[in-house]
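For reference, the structure is listed below as structure tokens.
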Amino acid sequence: MQIKNSAVSMIIDASDQKELEEIKLQFLGRSGKFTLTLKNITKVPAEKRATIGKLANEVKDAIESTLEEKISSLKYQASDRRKQSIDITGPGIKPEIGHLHLITQAIEEVSEIFNHIGFTRVRYPEVEWDWYAFEALNFPQNHPARDDWETFFIKQTPDAKKGSVILTPHTSSGQIREMERKKTPPIRMLNIAKCYRRQSDVSHSPMFHQFEGLVVDKSISITHLKGTLDYFVKSYFGEDRKSRIRPYHFQFTEPSLEVDVTCGVCKGKGCKLCKEGWLELGGAGMVHPNVLKSGGINPKEYTGFAFGWGVERVLIMKEGIKIDDLRLLYSSNINFLEQF
Ligand code: DAH
């Protein structure tokens with residue numbers, strides 16, 4: 001018993017593994033105190049041997065289990081000390097984080113640029129009446145865009161006034177909706193939304209994004225349009241880029257224009273990415289008087305300008321890249337998206 005008590009108290013007081021090894025040797029080793037005592041068992045009278053043997057086993061078990069407990073408690077203390085020794089002021093391990101999709105980034109950037117010059121961002125329905133997308137925008141009944149080879153029609157009985165239900169093929173449908181919302185000018189709208197057309201090839205997808213600007217006020221002229229264009233081109237593409245306008249035709253603007261931007265790769269000199277130094281940005285023009293009338297605005301009192309450009313298009317133009325297949329943008333292919 002005495003051996004047991006002194007062994008247990010020494011084990012408990014031990015401060016490291018080495019000390020424990022020594023204690024183990026001292027008691028349980030070949031010439032350890034316990035081992036020697038056990039050897040003397042032969043000297044004990046035969047009738048008492050069984051009791052003594054049992055007692056000896058208990059002593060041995062107690063020493064061994066105390067030793068085990070002490071070893072694991074020392075190990076735990078060591079790992080706890082290691083944890084506490086982490087330098088919390090040191091730089092951490094940076095978790096990997098993703099980024100917004102390229103199209104979302106472009107939409108945010110475009111919104112911000114126009115927000116600076118007083119345009120309010122709006123969003124109008126993607127499932128739209130023919131009235132807003134075509135009729136009110138001065139499209140004649142037989143215009144090819146109204147054909148079901150060009151536009152997606154929703155199976156629904158047409159409305160007596162607003163006509164068929166379609167997936168909007170352009171953000172210009174937001175022009176009339178904004179005139180109805182504001183009732184009287186000034187209007188400075190930026191409508192960014194998804195558009196749908198029956199097209200699918202390497203440079204067209206059935207769903208794409210456009211941003212549409214509309215300004216209506218007293219004495220708005222083409223110079224305001226040109227100034228806005230230049231401001232956008234320099235803010236989005238860079239100070240060294242220029243814009244130009246060419247005559248064109250749209251149903252809902254008169255005069256109508258196509259806007260070009262100097263190529264970002266050759267800076268206007270001409271290269272294989274562009275047409276003699278210029279890249280086509282999209283359409284613009286002065287709002288047609290019939291469109292103002294459809295929106296309940298008197299064209300004798302107010303004038304306006306509008307523009308509508310593709311988000312995917314400006315993004316590709318900004319990066320100065322030729323994407324082999326536009327549909328890659330919607331593929332969630334991380335290897336592709338991480339390049340930008
Ligand atoms: N809606 C036309 C399209 O999708 C683009 C457009 C052209 C919008 C001229 C306009 C504009 O606002 O004035 O092709």
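In listed order, ligands and their atoms are each counted from 1. Here the structure is a predicted model, which is why all the values come from computation and not from measurement.
- Arg197 forms no cation-pi arrangement with Phe152, by the criterion of a distance under 6.0 Å to the ring centre and an angle within 45° of the ring axis.
- Considering only residues two or more places apart in sequence or on other chains, Phe237 meets the ring pair (Phe, Tyr, Trp, His ring centres under 6.0 Å) condition with none of them.
- For the pair Lys194 and Phe208, the cation does not sit on the ring face, since its NZ or CZ is not both under 6.0 Å from the ring centre and inside 45° of the axis.
- Around ligand 1, the residues contributing at least one heavy atom under 4.0 Å from the ligand are His170, Ser172, Gln175, Arg197, Gln210, Glu212, Phe250, Phe252, Thr253, Gly283, Ala284, Gly285, Ala306, Phe307, Gly308.
- Classified by interplanar angle (parallel below 30°, tilted 30° to 60°, perpendicular above 60°), the ring pair Phe114/Phe211 is tilted.
- The side-chain hydrogen bond (donor to acceptor under 3.5 Å, both in side chains) contacts involving residues 96-105 comprise His99-Gln105, where partners must be two or more places apart or lie in separate chains.
- Judged as a ring pair (Phe, Tyr, Trp, His ring centres under 6.0 Å), and not counting sequence neighbours, the contacts of His143 are Phe139.
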